[in-house]
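Here is the structure we will look at, set down as structure tokens.
Whatever order the structure lists ligands and atoms in, that order sets their numbers, starting from 1. Residues take their numbers from the sequence shown, with the count starting at 1.
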Amino acid sequence: MSTREQEKTDDGRDDARADGDARSSDGVAESSDGVRETSLDLPDEELLELARVFSQMALDSVVSPAARPVFPETSTRELAELFRKPLPVEGCALETLADECRQVVAHSRQNGHPRMFGYVASPASPAAALAAWLTATLNQNVTSWRSSPAATEIERNVVRWLAEMIGYAGAGRNETCGGLLTSGGSLANLNALYVAHRTASRASATNGATTSDASNESSNGVALSETSSGVASHDPSREGLWNARAPMTIYASEEIHFSIPKAADILGLGRENVRLVPTDERFRIDVRALEERIESDVENGLRPFCVVASAGTVSTGAVDALAEVARVARTRGLWFHIDGAYGALAASDASKRTLFDGLEEADSLSLDPHKWLYAPVGTGCVIYREPERARAAFAEASHAGGYVKVFEQDETEAHAFWDYGAELSRPFRALAVWAALRYYGARRIAAAIAEDCALAAHMAELVSASVDFELLAPVTLGICCFRFVTESARRELEQTDDEGARERINTQLDELNARIVQRVQRGGAAYISNATLRGRFALRASITNFRTTRRDIELTLDAVRRAASEVEKG
Ligand SMILES: Cc1ncc(COP(=O)(O)O)c(C=O)c1O
């Protein structure tokens, strides 16, 4: 029974009105009729009509995702005319609001369309999308258990499910791992690198800063290059980085997502201190080059503290040799982070599992349910092998927050997410993921991921079998990179070894394909994006879309051919 209901008498009148008392039960004065004039609540009928109109619009996009072109025919001027309006001082009728929302839908890129293959954009599964609606009405602020008990329990549980789904936890592995949901992979990576950096800094501080420190590894396994450098340590959380000594360096491949250098920038470590290591022919980090780079940096007095591997690069979906990279990190006492924002969930597909061997060795790992678990945008996740390290790092940063002091003693009741990530106020992201996993089950979601991968492989086969296309990268997961090649360019490339001539032809193909991608995107039949691979322009289709079929792949290649011929005609 709700509080409001409890306040009513048996005949339905408000208590206060019934006995003429103008005070609520706790003695606070209130208006004598119990009515608030500025309430934004709506009469039942109006509320139901509002719900009906919005649920119909939401259902339309689920039921007919291909009813509109993938990209709308629109212009900046049209959008400004439609939406750039003065502040509405007075409200409008429901029908007016509904019409405007329909215009929003009509002028949006349709991410639920079966031929939406740009960037890494998946449709939200119906169960997840509708659960997100409930999330908005429930409006939990998932700061801690005491603010949102069920949401906190669900989020912690969802993080464990995700860890298990990708083989990071379970069967005795990483039993005490934990983490939290973030707005996406960028913030997951930022949180992880913050924890890695502060853990490394703290390790050197607590172990003392002497050259006589025989061990190269702290008690918790983090590099002590700082101590072995023989200079007094400092605590960046308190002092900032202004008086830090030699730069602390991070290692990743040239194919790493830009959120890693961006995180280094935000953390004050400097983008240049993310050392980008070359890749092999499959776009995986060259492990030998990684080792050499670390060794040479140590010789030059720098302080390596973290290696980041990709479990699915954003350009081609390459998965670094995780076990090898883990070994490099372990033997040097460096933090091992895996950016699996795009690809880690593919480890739930048994046929891909061996690609991810070594994943369980990560100190921290990012993965994005809003990419390959078909969750609504705004759902990333960071998992820490030892969440206490995050707690130790963030507790330092949270000192100022006296008003959020936790009084609860019990571990579960005392749980506060601000001790594990940068946010204080946080939405209930986990309900959509929880609903999707409960409703479809992990097996069905893994099967959808497997089919996405199979479709990317199918696209690669079609590309390889066509004279007018060239595959530019092996397909590892769900991404296919290729380019359109004119007949004359193909012939000339086959006939000449002259580097200058080849460069000229390739540059022309880069320009042609850049124009093709734009035309395909604006054409509305399919949406692909692009990548730069070894300096060459690639068309890129990323399939994280449970609606896509083989027919959609074929229609997409047709759209590319059509766009090529339109561009060639000028
Ligand atoms: C490998 C990788 N890492 C990180 C990110 C950043 O994720 P988000 O856009 O959710 O912040 C992406 C996004 O595509 C990605 O593919």
Q: Quick one: sort the Phe83 and His107 rings into parallel, tilted or perpendicular, breaks at 30° and 60°.
A: perpendicular
Q: Heavy-atom contacts with Ser259 under 4.0 Å: which atoms of ligand 1 show up? List them by number with element.
A: 4 (C)
Q.
Surrounding CD of Glu388 (heavy atoms of other residues, nucleotides or ligands, distance under 6.0 Å), is the total greater than 12?
A. yes
Q: Count the heavy atoms of every other residue, nucleotide or ligand shown that sit under 6.0 Å from CD of Gln518, and state whether that count exceeds 12.
A: no
Q: Say whether Gly380 and ligand 1 are in contact under the criterion: heavy-atom distance to a ligand atom below 4.0 Å.
A: no
Q: For Ala341, take its heavy atoms, then give the atoms of ligand 1 lying under 4.0 Å from any of them.
A: 2 (C), 3 (N), 4 (C), 5 (C)
**Q.** Close aromatic pair by centroid cut-off 6.0 Å: Trp335 and Phe305
**A.** no
Q.
Over 60° means perpendicular and under 30° means parallel, so tell me whether Tyr420 and His415 are parallel, tilted or perpendicular.
A. parallel
(Q) Can a donor-acceptor pair be found, under 3.5 Å and without considering hydrogens, that links the side chain of Arg173 to the backbone of Gly167? (A) yes
**Q.** Lys/Arg N to Asp/Glu carboxylate O, Arg160 vs Glu164, below 4.0 Å
**A.** no
Q) Just distances here: any N/O of His370 and N/O of ligand 1 closer than 3.5 Å? A) yes
Q. How far is atom 15 (C) of ligand 1 from its nearest protein heavy atom, and which residue and atom name does that atom have?
A. His257 CD2, 3.4 Å
Q: Find all atoms of ligand 1 within a distance of less than 4.0 Å from any non-hydrogen atom belonging to Gly312, and give their numbers and elements.
A: 1 (C)
**Q.** For atom 3 (N) of ligand 1, the protein heavy atom that lies nearest, with its residue and separation
**A.** Asp339 OD2, 2.7 Å
Q. With atoms numbered from 1 as shown, which atoms in ligand 1 lie under 4.0 angstrom from a non-hydrogen atom of Gly184?
A. 10 (O), 11 (O)
**Q.** Numbered atoms of ligand 1 (with element) below 4.0 Å of Val120, judged on heavy atoms
**A.** 14 (O)
Q | Identity and separation of the nearest protein heavy atom to atom 11 (O) of ligand 1 | A | Ser186 OG, 2.7 Å
**Q.** Closest protein heavy atom to atom 9 (O) of ligand 1, given as residue, atom name and distance to 0.1 Å
**A.** Lys371 NZ, 3.6 Å
(Q) So that I can tick it off, tell me whether Arg115 and Asp552 are bridged by a salt bridge, with the cut-off set at under 4.0 angstrom between side-chain N and carboxylate O. (A) yes
Q | Side chain Arg275, main chain Glu272, donor-acceptor under 3.5 Å | A | yes
Q) Looking only at distance, does Leu187 have an N or O less than 3.5 Å from an N or O of ligand 1? A) no
Q. Under 4.0 Å from ligand 1, counting heavy atoms only, is it the side chain of Asp368, its backbone, both or neither?
A. side chain
